[in-house]
There are 2 protein chains.
Amino acid sequence: MKEHAVTIYDISKQAGVSIATVSRVLNGSDNVSEATRQKVLKAMEESGYTPNAFARGLGLNTMKTIGIMAADSSDPYLAKGIYFLEQLLRGEGYDCLLCCTGYSLKNRIASMELLITKKVDGIILVGSNFVYEDDADNKYILDAAAQVPVMLLNAALDAPNVYSITSDDYTSMYNAANMLISEGITDILYFFNSRSYSGRRKEAGFRDAMKAAGLSTGDGTLQFYRGNREDVPAMADLLEHVWDQGHHFEAVLASDDTLAISALKFAVRKGIKVPEELSVIGYNNSMLTACVTPELSSIDNRQETLCQHLTATLMGVLGGNEMPKQTVFAGELIRRGTTR
Amino acid sequence: MKEHAVTIYDISKQAGVSIATVSRVLNGSDNVSEATRQKVLKAMEESGYTPNAFARGLGLNTMKTIGIMAADSSDPYLAKGIYFLEQLLRGEGYDCLLCCTGYSLKNRIASMELLITKKVDGIILVGSNFVYEDDADNKYILDAAAQVPVMLLNAALDAPNVYSITSDDYTSMYNAANMLISEGITDILYFFNSRSYSGRRKEAGFRDAMKAAGLSTGDGTLQFYRGNREDVPAMADLLEHVWDQGHHFEAVLASDDTLAISALKFAVRKGIKVPEELSVIGYNNSMLTACVTPELSSIDNRQETLCQHLTATLMGVLGGNEMPKQTVFAGELIRRGTTR
DNA sequence: CTTGTTTGTGAAACCGCTTACATAATTTCT
DNA sequence: AGAAATTATGTAAGCGGTTTCACAAACAAG
């Protein structure tokens, strides 16, 4: 199959120069006379030469690869982030090694070690499920950061060589709740899934908005869904159960578009009119918002912008520059058909 | 940042053996006495040694990496495939280098070359957008296959060192159309997007089923949507336009769940009852099916099974075994709320 | 026409690990 | 007990590049 590969040595012979010279034109480095450069390039062309990436990596101590970790690359929101990052990094000449860890700490640690072993130039953690606020579990991130820069997308952690790019989930949620309240809606159900970094921020935003309005956030106004995120019907069941228990909420504020979609499903099932009798607001402004009727109002956390800044920051760090450790972007509620 | 890394040489000194011996325990190879093995392992443990992947790659000529190419990793269906593959390959000790090419041939070629340059052990093309039946564009795949095994998921190409794992799209679509016809539905709109390998197979299945029933597949029964797949509203507009032209179809057979979702959106907009007045069938049985009400009937092409077989086949090929060049799995229509 | 700089090139060391081959130590067999 | 076979370990030659350093050629200045 693999015929004996042509090496830099073959080129050097063919072009009648030393391997050092070949290496020089390869790296576009300093001083090579135009004549020799052409000779070498011609030899490369003719023999279809491709430098051996491993040898190169060994010498340069990098293979221009970034590790991307996500819990689940098929989650519509995470998938989008991965896609943006991949495109941006490719634009910078980097490739992406993808690691899906699921939601287990053990997998996170293993994947992180693996990426370090493979000598990636940097590691990006996509999604806040990696970072827990008051949790010693974050140690593995610090360990990794001792080796390569670690970028956090939608999570924040103050540690050396760790850079965080986040959207202001707290404020977004606060404002969304506030908006509902200002419309006279007081019985708001906060429907959430993840107790991760951003999950907690969102929750805090909701609670504070309610508190500021003198409303309760006691039993029933918070529902936590544990289970497979894709299981929309099961999530709808949960809401139906709550409703049937007698808690007839006027709005669902979801920490996630998928959860919001399930609220819509629940509403259709019970014949509850959206948005007249029930407002629903999702989070992430993912493609799912367009899949339902009426279309889902959702909080846009400007993922593409976050990814752009993350990439720029990472490139800066790799270039040896001082870079901001934390960057926060404001989110924005996109109003569509599920709010009045 | 990166303190001088500890190498095999340091370990050899610390354990009082030669580097060859260290390398041996590293690779779990042949004959190392238990005593020495322990000494070495201890030294490694103590100094936190990690073998240099580049040097390893240079020596072994592999870094246990598989390249995955997809048009768009954020497409819900492709994302799912990528996820399955990543998990399966990780289980086999391989990592995944992800390349999103968009829908341009130029990008496909560039990504392919890049993966070859990075010396992946194999390349997987996810989705049929890579392969066109009667198209010279496939040349780049053959070139790549001269270097490493190329696996096609949901596409087929008969060439050396190229392996195809596909679902039987032709038959699935034939059967789906047939089922609608048997229910007395004769005006079926085939709504599709891609003219790729599987796209053509699906179309052929639809046409043949119609022909077999003596129905026409002329103007109006085939609608091709060109544009951003995520733009559900725009796709719905197209259908609305067709409808308003006077073509009141009774069913939409979509080549894709996203297209089917847009048909549902169109139906709601026009007040057409699904499934009473309009049947809708999607393709891929993706998570989107659960997001709408009624839930979308869709053709399941058993993606997970395909991925499992693809991975197994690839591992076989890499292990030097003779493996089947083409594997086809039957699909299955999952009936939900959008069909009677 | 020297002398002092550039500029272009080659020789060789090195990156960290694998492995063929040689050798030493041990065991097995007659 | 000595030869043969086996097992354990070390030496050194790659793998295919990069890069330091030395040196020769070309050019500028005195």
Side-chain angles (χ1 to χ4, degrees), chain A residues 2-44 47-65 93 116-121 147, chain B residues 2-44 47-65 93 116-121 147:
Chain A
K2 293 186 182 179
E3 63 277 6
H4 203 58
V6 22
T7 77
I8 200 174
Y9 187 71
D10 302 323
I11 302 297
S12 81
K13 263 196 306 192
Q14 195 173 330
V17 297
S18 76
I19 61 168
T21 301
V22 177
S23 174
R24 284 189 189 103
V25 347
L26 217 50
N27 296 293
S29 88
D30 342 50
N31 320 316
V32 184
S33 76
E34 194 49 33
T36 0
R37 154 171 275 105
Q38 289 308 330
K39 262 195 310 190
V40 173
L41 287 177
K42 182 154 155 286
M44 287 180 175
S47 49
Y49 168 71
T50 310
N52 181 306
F54 299 146
R56 207 129 200 260
L58 185 53
L60 297 172
N61 203 34
T62 166
M63 235 168 84
K64 299 258 266 166
T65 305
I116 297 286
T117 299
K118 288 236 173 167
K119 296 188 82 81
V120 296
D121 298 300
Q147 310 283 322
Chain B
K2 292 187 184 180
E3 62 277 5
H4 201 59
V6 22
T7 76
I8 203 175
Y9 187 71
D10 302 322
I11 301 296
S12 81
K13 264 196 305 192
Q14 195 173 330
V17 299
S18 75
I19 61 167
T21 302
V22 177
S23 174
R24 284 187 189 107
V25 347
L26 217 51
N27 297 294
S29 88
D30 343 52
N31 319 316
V32 185
S33 76
E34 193 50 34
T36 359
R37 155 169 275 107
Q38 290 307 330
K39 263 195 308 191
V40 173
L41 288 176
K42 185 154 153 285
M44 287 179 172
S47 47
Y49 169 72
T50 309
N52 181 306
F54 300 146
R56 207 126 202 265
L58 226 205
L60 297 171
N61 203 35
T62 166
M63 236 169 82
K64 299 260 263 168
T65 305
I116 297 286
T117 299
K118 288 234 173 169
K119 297 189 80 81
V120 296
D121 298 299
Q147 310 284 321

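In what follows, every chain begins at residue 1, and chains take the letters A, B, ... in the order their sequences are listed. Here the structure is a predicted model, which means the values were calculated and not measured.
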## Note on the structure
In B/S/- notation (B base, S sugar-phosphate only, - none; protein heavy atoms under 4.0 Å), nucleotides 9-19 of chain D written 5' to 3' is BBB---BBSBB
### Query
How long is the gap from OH on B:Tyr49 to OG1 on B:Thr7, to the nearest 0.5 Å?
7.0 Å
### Query
Any side-chain heavy atom of A:Val17 within less than 4.5 Å of one from A:Val40?
yes
### Message
Under 4.0 Å from a heavy atom of chain A: give me the 5'-most and 3'-most nucleotides of DNA chain C that qualify.
### Response
C:dG8 to C:dG16
### Query
For residues A:Asn27 and A:Arg56, is any side-chain donor paired with an opposing acceptor at under 3.5 Å?
yes
### Message
Could you measure the distance from the CG atom of A:Asp10 to the OG atom of A:Ser47? Nearest 0.5 Å is fine.
### Response
7.5 Å
### Message
Nearest 0.5 angstrom please: A:Leu41 CG to A:Glu34 CD, how far?
### Response
8.0 Å
### Message
Rounded at 0.5 Å granularity, tell me how far OG in A:Ser18 sits from CZ in A:Arg24.
### Response
6.0 Å
### Task
Indicate whether the side chain of A:Thr65 and that of B:Lys118 have a donor and an acceptor atom separated by less than 3.5 Å.
yes
